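Okay, structure first, notes after.
Counting begins at 1 with the first residue of the sequence. If you're wondering where the values come from, they're calculated on a predicted model, not measured in any experiment.
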Amino acid sequence: MKRIGRYISPKKIGLGYAMFAITTSVGFAISEGSFYKEEIINYMGQSYVVHPLIDNYATLLDFALLNPLMIFLLFRSVKRGSDILKSKPVKYQISPYHKIGLSGIAVLLTAGFMYYYYHGFSEGLYFDAVMRPYETTPTLTKTGWVVFFWTSTCMFITLQFSALQIPYLKFLLSLESEDMVYNPQHEDSVAGQKHLIKPIMDYFYAALVMLIIFILFQQYDSTYLTTGESNRLNGFMVFIIIAGPVLILPTLHLNKLMSFHRNLYLQTMRIRMSGIYSEFKSEKPKNSVSIDEEIKKLDYVDRYQKLIKGLPTWPLPRMELTLPAISLVGAFIKVTTDIIQIF
């Protein structure tokens, strides 16, 4: 397994998906003559346009960039989490049997999703390189089967690797203050806790890429379809439900633990300050030199206290938390606005 791990990396998996998905889709479309040529057909007594694959910019961009990026982030998230859990108790590990079970569930959910996805196309009157009418029923073309294969592959990976986040989330949320090594001088600028939140951030950004995919296809639907607003906007709700808790709960828990350690420094400093103030109050300096020394001592303690108050209490620099926060708030506003418009 270690030998395999040397050759299979998140980056290689993402690039491999991009290469095979885009080349096979374009290759089959070219072989069927549906890559760049538009066709007019007669179906059920009416004329319809069969759009070429090159018009489907959403799918091409999805296969070439967005899906590979999401797959890369999902694989890296699980890999980073697994590396951290290697030295942890067995209770945080998933047995091979459970992994097989999760894979089976992911396959069933993917099949259900693709069935729904297929019928969303087959019941409409929009035709392209993926779906066109044969006799009396819209049917997948060879290119369509390839496109559906790579779409279902990405869906399976998303479901499977979302489930594999559970052990790491369980580990993070079970951490106690004594489990944390809080080092204010650590080079990561967050007291050595950045490595703990990195797997979570990878998963969050994968979910954010998924939201971008939803938005891209919604834009494509609004350009070519005439069936009303696309139900792909449900992606905002999915993003909030999935990405929100995965990011917020571990981040707040680590903030609580880091604040505890920071407050220990403050508590120690306040005890020292209390002693110095008491000493200054009880003793009467004999000359200006001793007064200056006491003032310098108090000034030093005051500056040290301010330094301690500035110690990090979040597992990421605040600037790096800005984009996730804006994304979640924006998605929440979008969902709230849509719900208000419905009612």
Side-chain angles (χ1 to χ4, degrees), residues 10-38 49-77 110 113-114 116-118 120-121 124 126-132 140-159 161-162 202-227 229-236 238-239 242-243 323 326-327 330-331 334:
K11 186 183 293 185
K12 288 179 180 178
I13 292 169
L15 290 173
Y17 179 96
M19 182 178 68
F20 286 111
I22 200 70
T23 54
T24 53
S25 299
V26 171
F28 271 87
I30 290 173
S31 69
E32 291 186 303
S34 58
F35 178 64
Y36 62 89
K37 289 183 180 179
E38 188 176 277
V49 175
V50 178
H51 296 273
L53 183 65
I54 199 169
D55 280 357
N56 196 340
Y57 60 85
T59 295
L60 294 175
L61 184 59
D62 193 29
F63 284 178
L65 178 63
L66 297 176
N67 277 2
L69 178 58
M70 183 168 66
I71 289 170
F72 161 74
L73 290 168
L74 287 170
F75 268 83
R76 191 172 71 170
S77 172
T110 299
F113 170 80
M114 294 309 297
Y116 171 78
Y117 191 59
Y118 169 78
F121 276 101
Y126 173 79
F127 306 118
D128 61 1
V130 173
M131 180 82 65
R132 62 179 296 154
L140 283 175
T141 62
K142 291 178 182 178
T143 304
W145 280 107
V146 172
V147 168
F148 270 52
F149 170 78
W150 290 114
T151 302
S152 60
T153 299
C154 184
M155 176 57 60
F156 169 78
I157 291 172
T158 302
L159 293 170
F161 279 74
S162 293
D202 279 342
Y203 184 78
F204 178 85
Y205 286 125
L208 184 59
V209 173
M210 182 180 68
L211 178 62
I212 293 171
I213 292 171
F214 276 115
I215 295 172
L216 177 66
F217 275 97
Q218 189 276 330
Q219 180 62 36
Y220 177 79
D221 288 352
S222 66
T223 302
Y224 288 99
L225 304 185
T226 57
T227 56
E229 185 164 7
S230 170
N231 59 11
R232 298 181 197 267
L233 288 175
N234 294 334
F236 285 94
V238 173
F239 174 70
I242 293 177
L323 177 59
I326 292 174
S327 304
K334 172 62 181 172

Q. Looking only at atom types and distance, does a side-chain atom of Ser34 sit under 3.5 Å from a main-chain N or O of Ala129, one as donor and one as acceptor?
A.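 The answer is no, because no donor-acceptor pair under 3.5 Å joins these two groups.
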Q. Side chain of Ser77, backbone of Leu73: donor and acceptor closer than 3.5 Å?
A.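 No; judged by distance alone, with no hydrogens or angles, the pair does not exist.
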Spacing of [atom1] belonging to [X] relative to [atom2] belonging to [Y], to within rounding of 0.5 Å:
X: Leu65; Y: Ile212; atom1: CG; atom2: CD1; value: 9.0 Å
X: Glu38; Y: Asp128; atom1: CD; atom2: CG; value: 11.5 Å
X: Thr141; Y: Phe127; atom1: OG1; atom2: CZ; value: 12.5 Å
X: Leu69; Y: Leu74; atom1: CG; atom2: CG; value: 9.5 Å
X: Ile13; Y: Ile157; atom1: CD1; atom2: CD1; value: 7.5 Å
X: Phe113; Y: Met155; atom1: CZ; atom2: CE; value: 4.0 Å

Minimum side-chain heavy-atom gap [X]-[Y] below 4.5 Å:
X: Ile22; Y: Trp150; answer: no
X: Met131; Y: Tyr118; answer: yes
X: Met19; Y: Leu15; answer: no

Q.
Determine whether Phe239 and Phe204 satisfy the following criterion, side chain to side chain contact (heavy atoms under 4.5 Å, CB included), listing intermediate values before the conclusion.
A. CA-CA 9 Å; Phe239 174 70; Phe204 178 85; 3.8 Å; yes
Q) Does the pair Val26 and Leu60 meet the rule for a side chain to side chain contact (heavy atoms under 4.5 Å, CB included), with working shown? A) CA-CA 9 Å; Val26 171; Leu60 294 175; 4.2 Å; yes
Minimum-distance pair of heavy atoms, taken over all atoms of [X] and [Y]:
X: Tyr17; Y: Pro68; answer: CD2-CG, 3.8 Å
X: Ala207; Y: Ala243; answer: CB-CB, 3.8 Å
X: Ile242; Y: Met210; answer: CD1-CE, 4.5 Å
X: Ser25; Y: Val147; answer: OG-CG2, 4.1 Å

Q) Taking only residues two or more places apart in sequence or in another chain, which ones pass side-chain hydrogen bond (donor to acceptor under 3.5 Å, both in side chains) with Asp202? A)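 Checked Asp202 against side-chain hydrogen bond (donor to acceptor under 3.5 Å, both in side chains); matches are Arg76, Arg80.
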Q: Could you walk me through whether Tyr36 and Ile30 pass side chain to side chain contact (heavy atoms under 4.5 Å, CB included), step by step?
A: CA-CA 8 Å; Tyr36 62 89; Ile30 290 173; over 6 Å; no
Please tabulate, for side-chain N and O atoms in residues 51-58, each donor-acceptor pair with protein atoms closer than 3.5 Å (sequence neighbours left out).
| residue | atom | partner | partner atom | Å |
| --- | --- | --- | --- | --- |
| Asn56 | OD1 | Thr59 | N | 3.2 |
| Asn56 | OD1 | Thr59 | OG1 | 3.1 |
| Asn56 | ND2 | Thr59 | OG1 | 3.1 |

Q: Measure centre to centre between the rings of Phe161 and Phe75, then say whether the value is under 6.0 Å.
A: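 Yes, close enough.
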Q: Could you list the residues that satisfy ring pair (Phe, Tyr, Trp, His ring centres under 6.0 Å) with Phe28, not counting sequence neighbours?
A: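 Checked Phe28 against ring pair (Phe, Tyr, Trp, His ring centres under 6.0 Å); zero matches.
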Q. Under the side chain to side chain contact (heavy atoms under 4.5 Å, CB included) criterion, do Leu323 and Tyr205 qualify, and how do the steps go?
A. CA-CA 10 Å; Leu323 177 59; Tyr205 286 125; 3.8 Å; yes
